[in-house]
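Below is one structure; the comments refer to it alone.
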2 protein chains.
Amino acid sequence: MTRPLGDRIRVQFERQILSGDLPPGARLPTEQEIMARFGCSRMTVSKALSALATAGLIERRKRAGTFVARPRVHSMVLEVPDLAPLIAARGQTYAFRLDRSEELAVREGHLAGRPARHLVGVHFADRQGIAVEDRLVSLAAVPDIARADLAREAPGTWLLRHVPWTEADTRITAVGAAPQEASLLGLSPGDPCLCVERRTWRGRDPITFVRQVFRGDSYELVAHFGPGAS
Amino acid sequence: MTRPLGDRIRVQFERQILSGDLPPGARLPTEQEIMARFGCSRMTVSKALSALATAGLIERRKRAGTFVARPRVHSMVLEVPDLAPLIAARGQTYAFRLDRSEELAVREGHLAGRPARHLVGVHFADRQGIAVEDRLVSLAAVPDIARADLAREAPGTWLLRHVPWTEADTRITAVGAAPQEASLLGLSPGDPCLCVERRTWRGRDPITFVRQVFRGDSYELVAHFGPGAS
DNA sequence: AATTCAATTATGTCTATACATTAAATGGTA
DNA sequence: TACCATTTAATGTATAGACATAATTGAATT
């Protein structure tokens, strides 16, 4: 039942910092004082403080002591949900269809100078087009993509299941719907859309680049910041 | 010059995992084997592995061993920078101006049922309007807001410096510029804009609610996921 | 064959100690 | 006063050992 001592120490300071009891810049007790207060060894205190330091809540300076960090740029956690379950949760039926207007829209392309498969398709919720997707998948990194049944499963979902990535960059902008996108989504050209561009890597090898254009009136991204672990 | 031993151990496995040398699900050597290989004590190995575990790269199971985690990554880190330094970095001059059209645009409002100050203003880069901001600041949580010189400093910047928050929810959508917003930003009504709505709390007390509408053609959000520390 | 129970093995936490590292504080000297 | 070397108080890293905890394995029992 009782949590590890190190955790208790960490949580105590976490609370004091988040409540504002210990304001930014405030000095924490020295490790000696803390180990005396909790009746434990210094390693235990040090590990607890190290955890807070890597979490960015405190800053440790030799000889000077340990201080509550001053919040700088705020980074928050952005949820990047898979579309299918998201739409299902809204009580709608999800579908993905490759755009067949250009011979199945499976063509060749290039990703970071290497050959890649080029896929264009549309995400649907109850027959309503929700997003247009334009994707490049590296053939070197993902040879299996040739055998995947992409008529049924969205390429993103398939990739997530088959080729876990380790690094990703995402760029979020607002754009006006291009004429082709507008017709696929049932909009007028120029209507506001949320554009999400993402590159993913596994180690140093590029996996995929995708540009998704969402109807502005039916999609939103949600980010949260808060004391994650407790 | 030589890095701490624990770091070397951590970096070695980091590389093997990110390169795919150790694929997801693979088992790492036991702590005993690692300490034998590096000629160090078990605590050192354990600390290195703990760091990798909190970073989410590996998963440790008692009795079974340590395994490379399967990246089930639906969330990434979104940087929410302060506008002023961002624009300065682009070589432009930043300014914030309260909208004076409605008696300084400082009025009363309500935030979560409590009295709040209501501020409307525009962010500028080189005299060009970049974003319209509509903000409520709780008077109970931030009484000092009454004395703040908000003509010069943007309320967001002021708040960040004076009232660090501990929790925030952000909602990102694409909208068409409303007529008033369009005229403030030099756009036509309906032009695509990125809308960021954020609520922040300190503990349980609501601090502020802000709705920012950015010109779609000159602002973007960037999110990143990856092995943070190296 | 199914179930229960105990042994084993790996990680999880903690102690007490040692020495290294760094930057603030001190004090002497020009 | 200004400068520079020295001291020193704090964190940083590491060790070797101890016991705790949990899950798998395998043996004993039903």
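Residue numbers begin at 1 in each chain, while the letters A, B, ... track the order of the sequences. Worth saying up front: this structure is predicted, and the values here are computed from it rather than measured.
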Which of C:dA16, C:dA10, D:dT15 is nearest the side chain of A:S41? It is C:dA16
Taking CZ from B:F38 and C1' from D:dT15, how many angstroms apart are they, rounded to a whole number? 17 Å
Thinking salt bridges, do A:R37 and A:E33 make one under a 4.0 Å N-O criterion? no
For the CD1 atom of B:I87 and the CD atom of B:Q128, what is their distance to the nearest 0.5 Å? 10.5 Å
Tell me which nucleotide among C:dA25, C:dT17, C:dT13 gets nearest to the side chain of B:S46. C:dT13
Residue B:R42, side-chain atoms from C-beta onward, closest of C:dG12, C:dT17, D:dT11: C:dG12
Does B:T44 have a side-chain nitrogen or oxygen under 4.0 Å from the phosphate oxygens OP1 or OP2 of D:dT15? yes
Which nucleotide, D:dT15, D:dA10, C:dC14, lies nearest any side-chain atom of A:R27? D:dA10
Between atom CD in B:E59 and atom C1' in D:dA22, what is the gap in whole Å? 15 Å
Whole-Å distance, A:L28 CG to D:dT11 C1', equals 13 Å
Under 3.5 Å side-chain donor-acceptor pair for B:R199 and B:T208: no
Just checking, any donor-acceptor pair under 3.5 angstrom between side chains of A:T66 and A:R61? no
At 4.0 Å (heavy atoms only), tell me whether B:L5 reaches a base, stays on the sugar-phosphate, or touches nothing. sugar-phosphate
Check whether any side-chain nitrogen or oxygen of B:R60 sits under 4.0 Å from OP1 or OP2 of C:dG12, and answer yes or no. yes
Under 4.0 Å, counting only non-hydrogen atoms across every strand here, what does A:T66 touch: a base, just sugar-phosphate, or nothing? sugar-phosphate
Just how far, in rounded Å, is P of C:dA16 from CE of A:M35? 8 Å
Rounded to whole angstrom units, what separation is found between the CD1 atom of B:I58 and the P atom of C:dT11? 10 Å
To the nearest Å, give me how far apart CD (B:Q32) and C1' (D:dA16) are. 12 Å
Distance under 6.0 Å and angle within 45° of ring axis: A:R198 vs A:F209: no
Nearest-nucleotide pick for B:P4, side chain only, options being D:dA14, C:dA18, C:dT21: D:dA14
Give a yes or no on whether a donor-acceptor pair under 3.5 Å exists between the nucleobase atoms of D:dA10, that is its base, and the side chain of A:R63. no
What is the distance, to the nearest angstrom, from the CE atom on A:M43 to the C1' atom on D:dG17? 13 Å
Tell me: CZ of B:R3 to C1' of C:dT21, nearest whole Å? 17 Å
Given D:dT11, C:dT11, C:dC14, identify the nucleotide with an atom nearest to the side chain of A:K62. D:dT11
